[in-house]
Amino acid sequence: MSFVTWRTAMQQALYGPSGFYRQAPGPAGHFRTSVSASSTFAQAIWELVLQTDRLLGHPHPFQVIDMAAGQGQLAAGLLTLARQSPLAGRIQVQAVEIAPRPVGLDPEITWLPQPPTAMTGLIIANEWLDNVACDVVQTTGLPEPEHLAVVEVNPQGQERLGGPASPEDAAWVARWWPLESAARAQAGLRAEVGRSRDQQWSWLVGHLQRGIAVAIDYATTTEARASGLYPTGTLTAYRAGRQVRPVPDGSCDLTAAVALDACAAAIPQACTALVAQHEALGHLGVSTQAAAGADLLQRLLTRSQSSELLDPDGLGGFTWLMQAVRCDLPRWAAVTATPQP
């Protein structure tokens with residue numbers, strides 16, 4: 001079979017006509033997410049909805065955009081909470097997903113293949129950017145411009161080195177995943193080029209007229225990438241609850257950690273914060289302590305569900321990239337924010 005770049009292979013394997021994200025049961029049948037772990041996550045996001053609504057001065061309508069909505073669990077949970085709140089007459093819950101609309105989903109949830117081109121409110125992109133297809137490059141030990149080569153792959157997962165990385169990709173690697181010094185001494189070091197993620201995030205936030213956009217993903221930092229912590233990159237795959245070798249044949253989820261710091265820099269005009277999920281959820285009311293008067297079973301359930309979301313070595317280890325457009329971030333996030341120019 002023919003070899004193509006990893007970006008092309010990922011795009012086809014995940015989103016092509018027979019791609020992973022077009023098949024039933026979809027991601028829910030292969031791995032747990034914060035959304036599927038418990039309803040506690042939706043309750044925390046609802047608190048962020050309320051905070052964002054206050055910061056925006058209660059606009060009408062207030063949109064909640066659930067990017068990569070899966071089976072719509074988060075959107076459904078938020079709509080249920082909205083019906084019991086003052087936002088009931090103003091909120092629009094919109095789920096963005098390429099898969100068909102799930103049977104039985106509440107008809108008040110708008111199901112879209114692409115996000116709206118004008119948004120006011122809150123965007124939640126939970127585990128979306130890690131599935132945005134990206135190229136993989138590898139050091140060759142040769143002098144520039146051949147010191148970075150594009151890695152190609154076939155549908156069986158066999159790899160080979162292709163031609164030199166483009167000047168744009170080489171510049172991104174030099175800025176965000178610096179391999180230059182190591183490349184002169186060692187061949188075989190890899191980096192995932194995050195330009196496609198930067199572009200997708202920039203496009204999405206660029207259509208946010210007023211509000212807050214939140215990308216939630218496993219992330220790496222420039223310091224960790226430059227230190228050589230990921231010599232073979234982070235590209236991996238999941239199938240039926242297990243981590244497997246990444247093979248772009250549509251049978252598994254293909255994912256790579258996100259350089260959220262690079263995504264943030266793509267929107268320099270926004271007010272920005274990078275916050276660990278366990279810290280963000282703590283500020284949004286997630287706690288292992290049950291409400292007063294709860295029975296033993298409820299206390300045990302609350303502790304179990306919250307502990308999973310708050311575990312820094314598990315789901316709590318996600319990073320939140322929060323960017324505010326023409327409004328402020330919540331005070332708890334603004335502590336680490338980058339001020340708008």
Side-chain angles (χ1 to χ4, degrees), residues 3-15 67 125 127-153 159-206 213 215-236 246 248 254-270 272 274 319-323 338:
F3 285 80
V4 296
T5 66
W6 262 110
R7 182 175 180 179
T8 298
M10 286 180 68
Q11 185 67 30
Q12 182 67 19
L14 294 176
Y15 308 112
M67 284 293 299
E127 295 192 62
W128 170 54
L129 288 172
D130 67 303
N131 292 125
V132 171
C134 61
D135 278 320
V136 178
V137 296
Q138 181 173 312
T139 57
T140 64
L142 299 173
E144 296 189 32
E146 291 84 12
H147 76 110
L148 278 184
V150 177
V151 179
E152 299 179 337
V153 63
E159 295 181 333
R160 71 181 187 187
L161 291 185
S166 70
E168 295 80 8
D169 284 354
W172 189 94
V173 172
R175 171 65 180 87
W176 297 107
W177 201 318
L179 297 171
E180 287 86 347
S181 59
R184 286 193 287 270
Q186 182 181 353
L189 299 177
R190 289 195 171 193
E192 289 112 27
V193 183
R195 281 202 313 126
S196 54
R197 280 95 178 268
D198 301 349
Q199 291 164 355
Q200 287 289 302
W201 181 247
S202 179
W203 182 90
L204 178 67
V205 180
I216 306 172
D217 255 306
Y218 279 122
T220 59
T221 64
T222 300
E223 293 75 19
R225 295 187 296 269
S227 72
L229 189 60
Y230 310 101
T232 60
T234 68
L235 178 65
T236 189
L254 298 169
T255 176
V258 185
L260 284 177
D261 46 2
C263 293
I267 314 289
Q269 70 274 21
T272 298
L274 288 163
T319 299
W320 287 29
L321 166 59
M322 306 179 67
Q323 295 198 286
T338 301

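Computed from a predicted structure; not experimentally measured. The chain is numbered in sequence order, starting from 1. The figures that follow rest on heavy atoms only: side chains count, while hydrogens, waters and symmetry mates do not.
Closest approach of T140 to A149, counting heavy atoms only: CG2-CB, 3.7 Å. Among all heavy-atom pairs drawn from A265 and P268, the shortest one is O-CD, 3.4 Å. Of all heavy-atom pairs spanning T234 and A257, the tightest one is OG1-N, 2.9 Å. Nearest heavy atom pair, residue V136 against residue R190, reads CG1-CD, 4.1 Å. Residues V137 and A165 approach most closely at CG1-CB, 3.9 Å, considering heavy atoms. Pairing each heavy atom of A187 with each of G141, the nearest pair is CB-N, 3.9 Å.
Side chain of T319 to main chain of A219: no donor-acceptor pair is present (N/O by atom type, distance under 3.5 Å, no hydrogens or angles). A donor-acceptor contact shorter than 3.5 Å is absent between the side chain of R197 and the backbone of A259. Between the side chain of S202 and the backbone N or O of Q199, no donor-acceptor pair lies under 3.5 Å. Here the side chain of D217 pairs a donor or acceptor atom with the backbone of L129 at under 3.5 angstrom.
Within the 4.5 Å cutoff, side-chain heavy atoms of L189 are placed close to those of P231. Contact of the M10 side chain with the L235 side chain is registered, since non-hydrogen atoms from C-beta on lie closer than 4.5 Å.
Between R225 and D261 there is a salt bridge, with a side-chain nitrogen of the basic residue lying less than 4.0 Å from a carboxylate oxygen of the acidic one.
No donor-acceptor contact under 3.5 angstrom links the side chains of W176 and D198, judged on distance only. Under 3.5 Å, the side chains of W128 and Q200 contain no donor-acceptor pair of N or O atoms. Using modelled atom types and a 3.5 Å distance limit, the side chains of W6 and E192 yield no donor-acceptor pair.
Once rounded to the nearest 0.5 Å, the distance linking CG of L161 with CG of L148 reads 10.5 Å. The OG1 atom of T236 sits 9.0 Å away from atom CG of L254, with the distance rounded to the nearest 0.5 Å. Note that CG of L179 and NE2 of H147 are 8.5 Å apart. Values are rounded to the nearest 0.5 Å. Atom CZ of R195 is separated from atom CH2 of W172 by 10.0 Å, given to the nearest 0.5 angstrom. Summarising the geometry, atom CG belonging to L229 is positioned 8.0 Å from atom OG1 belonging to T221; distances are rounded to the nearest 0.5 Å. Of the inter-residue distances, the one linking Q323 atom CD with L204 atom CG reads 10.5 Å to the nearest 0.5 angstrom.
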Check the pair I267, W201 against side chain to side chain contact (heavy atoms under 4.5 Å, CB included), reporting the backbone distance first and the verdict last. CA-CA 9 Å; I267 314 289; W201 181 247; 4.1 Å; yes

Kindly determine whether T139 and Q186 satisfy side chain to side chain donor-acceptor pair (under 3.5 Å), including the steps that lead there. CA-CA 7 Å; T139 57; Q186 182 181 353; over 6 Å; no

